[in-house]
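Step one of this worksheet: look at the structure below.
Just so you know, residue 1 is the first one in the sequence shown, and it goes up from there. FYI, side chains are in, hydrogens and waters are out, and symmetry mates aren't considered; it's all heavy atoms of this structure.
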Amino acid sequence: MYGSHYGRFGMRGAVAVGAALLLAACSSSGDGDGEGSGAAGKNPAAVGQQPKGSDPYWVNPDGNAAEQVARYTEDDDGKNAGLIRRIAEQPVGEWIGPDNPEAEAKGFTEAAAKADREALLVLYNIPHRDCGQFSKGGAADGNAYRTWLEGVAKGIGDRGATVILEPDAVLHLVDGCTPQEFHEERFDLLKGAVERLKQLPGTKVYLDAGNAGWHTPDALFQPLEQAGIGAADGFAVNTSNFQTTAVSKDFGKRLSAKVGNKPFVIDTSRNGNGPYTGGDPEKTWCNPPGRALGETPTTSTGDELVDAYLWIKRPGESDGDCRGGPKAGAWWPEYALGLARGTK
């Protein structure tokens, strides 16, 4: 059973197709001209209008949630607009697509720099990704991945960025989901990715380490070491999952003690009500009902080992075509509303 396999989120559907145009508009000028500036003027998460709690991360004024707020507002649906605004006003991870990595990384980090923030980026393109499930895919082979990663690195340049590196990539080596013949290459790719990204002066790298409901620190620390955790800034836990912050913090601290006391970040995007315990246990990770937004993103966690609470998973985007949801990564306003309503 893969209690948190990455059928649960997938790529943002619009990124691979339209991000280059969107980002060009968003970051091409700072004088109020262009499509991005127009969106910033009408959307609640506009550059320069960031909520104080979002520091230091950039809020994309043209994200799915912000666009949904605009649609509800145009329809005079103030109640639902207010609910989705809870998501739109927060920084969320920007998932770099497979086709234009340099342009996308440059667009996000330039827009963030103009707002005096840094971008939160997620790299999810490892070969043999997700073991053939909802988010299957990834680079064709190791060389293709290295070329893609180099594009990401060039796009980031010397601008500020926090990178969450390859959700599930280490975990699927541990649980046997990824065939043995791909293990050596994957370790090499992950270690090389950490090393390349850490050559960038403004980039922090957190290697994904699963969640508290899926394997123990004893099973994880050696694979993380092989994957390059020593050169990374730390690791990420609970990506796209629902484990509570308290449980995730305990899990992270036990794992940290085994990997040189590395700090970590926690994905709190949908963990407000904890994990789902009803229905099919194989689908507890896939669009579970009754979930809620968790702590808003912040670097002020009050714990020296917890670098940040982040919304790595983009709240309101589907985990896959289960429970009536659209394909993995597609925006699903009904689910987004449910997350917002459930938030205390």
Between [atom1] on residue [X] and [atom2] on residue [Y], distance to nearest 0.5 Å:
X	Y	atom1	atom2	value
W214	H172	CH2	NE2	4.5 Å
Q90	L293	CD	CG	9.0 Å
T245	D250	OG1	CG	12.5 Å
Q68	I84	CD	CD1	6.0 Å
W285	C322	CH2	SG	6.0 Å
L337	R341	CG	CZ	4.5 Å

Hey, does the side chain of [X] reach the backbone of [Y] with a donor-acceptor pair shorter than 3.5 angstrom?
X	Y	value
T73	V69	yes
R117	A112	no
R323	C286	yes
W148	N100	no
Y276	N287	no
R270	G294	no
T343	L339	yes

If you measure only the distance, is there a donor-acceptor pair under 3.5 Å linking the side chains of [X] and [Y]?
X	Y	answer
N271	Q243	no
W58	E118	no
D267	T239	no

Tell me the closest heavy-atom pair linking [X] and [Y], and the distance in Å.
X	Y	answer
I126	A169	CG2-CB, 4.3 Å
I266	S248	CG2-CB, 3.8 Å
A236	I312	CB-CD1, 4.4 Å
E295	W311	O-NE1, 2.9 Å
G155	T109	O-OG1, 3.5 Å
V259	F221	CG1-CB, 3.8 Å

Do [X] and [Y] have side chains that approach each other closer than 4.5 Å (heavy atoms only, starting at C-beta)?
X	Y	answer
P98	N125	yes
V237	D208	no
V92	P315	yes
F187	L173	yes
K344	N273	yes
P333	Y72	yes
R159	E110	yes
K253	D303	yes

Answer yes or no: does atom [atom1] of [X] have more than 12 heavy-atom neighbours from other residues, nucleotides or ligands under 6.0 Å?
X	atom1	answer
E184	CD	no
E304	CD	no
K204	NZ	yes
D77	CG	yes

Salt-bridge test for [X] and [Y]: reply yes if a basic N is under 4.0 Å from a carboxylate O, no otherwise.
X	Y	result
E94	R314	yes
R129	D168	no
R186	E166	no
K258	D218	yes
K262	D307	no
R71	E74	no

ILVMFWY cluster, [X] and [Y] together (side-chain gap under 4.5 Å):
X	Y	answer
L165	V174	yes
Y145	L200	yes
Y124	F182	no

Could you walk me through whether D141 and R146 pass salt bridge (charged side-chain N to carboxylate O under 4.0 Å, His left out), step by step?
-> CA-CA 9 Å; D141 54 35; R146 293 183 186 95; over 6 Å; no
Take V265 and I164, measure what side chain to side chain contact (heavy atoms under 4.5 Å, CB included) needs, and give me the verdict at the end.
-> CA-CA 9 Å; V265 298; I164 308 302; 4.1 Å; yes
Test side chain to side chain contact (heavy atoms under 4.5 Å, CB included) on E317 and W95 and set out the steps.
-> CA-CA 12 Å; E317 293 184 4; W95 298 68; 5.6 Å; no
List the steps, then state whether side chain to side chain contact (heavy atoms under 4.5 Å, CB included) holds for V205 with K198.
-> CA-CA 7 Å; V205 181; K198 285 308 298 175; 3.8 Å; yes
Begin with the C-alpha distance, continue with both residues' side-chain angles, and end with the deciding distance and a verdict on side chain to side chain contact (heavy atoms under 4.5 Å, CB included) for T277 and T284.
-> CA-CA 7 Å; T277 57; T284 57; over 6 Å; no
Before giving the answer on ring pair (Phe, Tyr, Trp, His ring centres under 6.0 Å), spell out for F235 and F264 the whole-Å C-alpha distance, their side-chain angles and the decisive distance to 0.1 Å.
-> CA-CA 5 Å; F235 57 92; F264 56 97; 5.3 Å; yes
